[in-house]
Amino acid sequence: MSEENSKKEQVASNTESLLETISDAEVNSRIVFEEFTDERALVSQDTFGKKQMKIKVLEVSDENPVLKWKFGDRVKVTKILVTIKHLTTQQVEEGEFNIEEIERELSEKRHYTSTNRWIPTSDIKNGYVVADKHTRLISDASALDYIVF
């Protein structure tokens, strides 16, 4: 009987330790208020309110920013995934863009470029670019009619 009691105690202690680790993991997995990002901050709308756009950063350059002391921590975005949702039909379109190539193509064809691919790291939340910076990233693609927004 003492063997059965020791086995029951061992099972009970293992169960308690598992429950403790699960509850600790749940507490530690919660998002801190400073890390929380409202979805509305990541979505931009067109003028008529018929489309919404969201941009995800796929790739950044390893180039070091100039004047870090003046402009802060920034990264140079090279590839993005643009998701456009048509609110009237609920249709979703996605497209991957290599901003570096689009910038090069525009400078060859039109002899100018308007893209500023340097984005502050604080403006990238959960891998998505804050809506204020959307125009900055898609301006050349829009000029070449790759994106109509």
Side-chain angles (χ1 to χ4, degrees), residues 10-149:
Q10 187 179 9
V11 169
S13 66
N14 286 342
T15 306
E16 288 176 14
S17 64
L18 285 173
L19 291 175
E20 287 175 12
T21 56
I22 291 171
S23 63
D24 290 341
E26 287 176 5
V27 171
N28 293 334
S29 69
R30 293 186 181 179
I31 295 176
V32 183
F33 182 73
E34 289 81 23
E35 294 175 357
F36 174 75
T37 304
D38 189 7
E39 186 74 16
R40 293 176 290 180
L42 304 176
V43 176
S44 61
Q45 293 190 350
D46 69 338
T47 308
F48 303 111
K50 294 182 179 183
K51 297 178 187 177
Q52 289 181 338
M53 178 171 50
K54 198 171 181 182
I55 297 178
K56 182 172 184 159
V57 177
L58 297 178
E59 189 177 302
V60 294
S61 172
D62 58 353
E63 188 177 335
N64 290 326
V66 293
L67 295 175
K68 183 178 177 179
W69 60 271
K70 187 174 182 180
F71 299 113
D73 287 332
R74 299 176 300 155
V75 292
K76 192 172 188 178
V77 178
T78 55
K79 285 188 181 181
I80 58 173
L81 178 70
V82 178
T83 306
I84 296 177
K85 180 178 181 181
H86 299 270
L87 297 176
T88 54
T89 62
Q90 299 299 316
Q91 179 186 4
V92 177
E93 297 178 60
E94 282 189 339
E96 186 177 315
F97 293 95
N98 187 333
I99 302 175
E100 194 170 20
E101 289 180 15
I102 292 172
E103 185 178 12
R104 193 175 308 119
E105 181 182 346
L106 187 68
S107 63
E108 288 174 4
K109 288 183 177 180
R110 309 255 173 95
H111 304 292
Y112 82 98
T113 181
S114 57
T115 299
N116 184 357
R117 297 185 289 134
W118 288 99
I119 303 293
T121 54
S122 60
D123 287 342
I124 299 175
K125 308 283 185 182
N126 301 331
Y128 289 91
V129 180
V130 175
D132 296 343
K133 307 298 182 208
H134 287 181
T135 308
R136 169 186 283 198
L137 289 174
I138 66 160
S139 59
D140 285 352
S142 182
L144 290 171
D145 294 328
Y146 290 138
I147 296 177
V148 178
F149 187 72

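Lys133 pairs by the salt bridge (charged side-chain N to carboxylate O under 4.0 Å, His left out) definition with Asp123, not counting sequence neighbours. Checked against side chain to side chain donor-acceptor pair (under 3.5 Å), Glu94 has the following partners two or more places apart in sequence or in another chain: Thr83.
Atom-to-atom distance recorded for Leu81:CG and Leu58:CG is 5.0 Å, nearest 0.5 angstrom. Distance check: Leu42 CG to Ile124 CD1 gives 11.0 Å after rounding to the nearest 0.5 Å. A distance of 5.5 Å separates NE2 of His86 from NZ of Lys51, quoted to the nearest 0.5 Å. Taking OH of Tyr128 as the start and NZ of Lys56 as the end, the distance is 4.5 Å to the nearest 0.5 Å. Interatomic distance, Leu137 CG to Phe97 CZ, rounded to the nearest 0.5 Å: 11.5 Å. Rounded to the nearest 0.5 Å, atoms NZ (Lys76) and CG (Asn116) are 9.5 Å apart.
In this structure a side-chain-to-backbone donor-acceptor pair under 3.5 Å is missing from Asp140 to Ile102. Remark: the backbone N or O of Glu59 is paired with a side-chain donor or acceptor of Thr78 at under 3.5 angstrom. The backbone N or O of Lys85 sits nowhere less than 3.5 Å from a side-chain atom of Lys54 that would complete a donor-acceptor pair. Side-chain atoms of Arg117 never come within 3.5 Å of backbone atoms of Val60 as a donor-acceptor pair (strictly under, hydrogens ignored).
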Original post:
Could you go step by step and tell me if Ile138 and Ile55 meet the side chain to side chain contact (heavy atoms under 4.5 Å, CB included) rule?
Top reply: CA-CA 9 Å; Ile138 66 160; Ile55 297 178; 3.8 Å; yes

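For Arg136 against Ser139, the heavy-atom pair with the smallest separation is O-OG, 3.6 Å. When all heavy atoms are compared, the tightest approach of His134 to Met53 is CE1-O, 3.4 Å. The minimum heavy-atom distance linking Leu87 with Gly49 is given by the pair CD1-O, 3.4 Å.
Annotation: side chain of Ile84 is in contact with side chain of Ile147 (closest heavy-atom distance under 4.5 Å).
Taking a 6.0 Å sphere around NZ of Lys79, one finds it holds 12 or fewer heavy atoms contributed by other residues, nucleotides or ligands.
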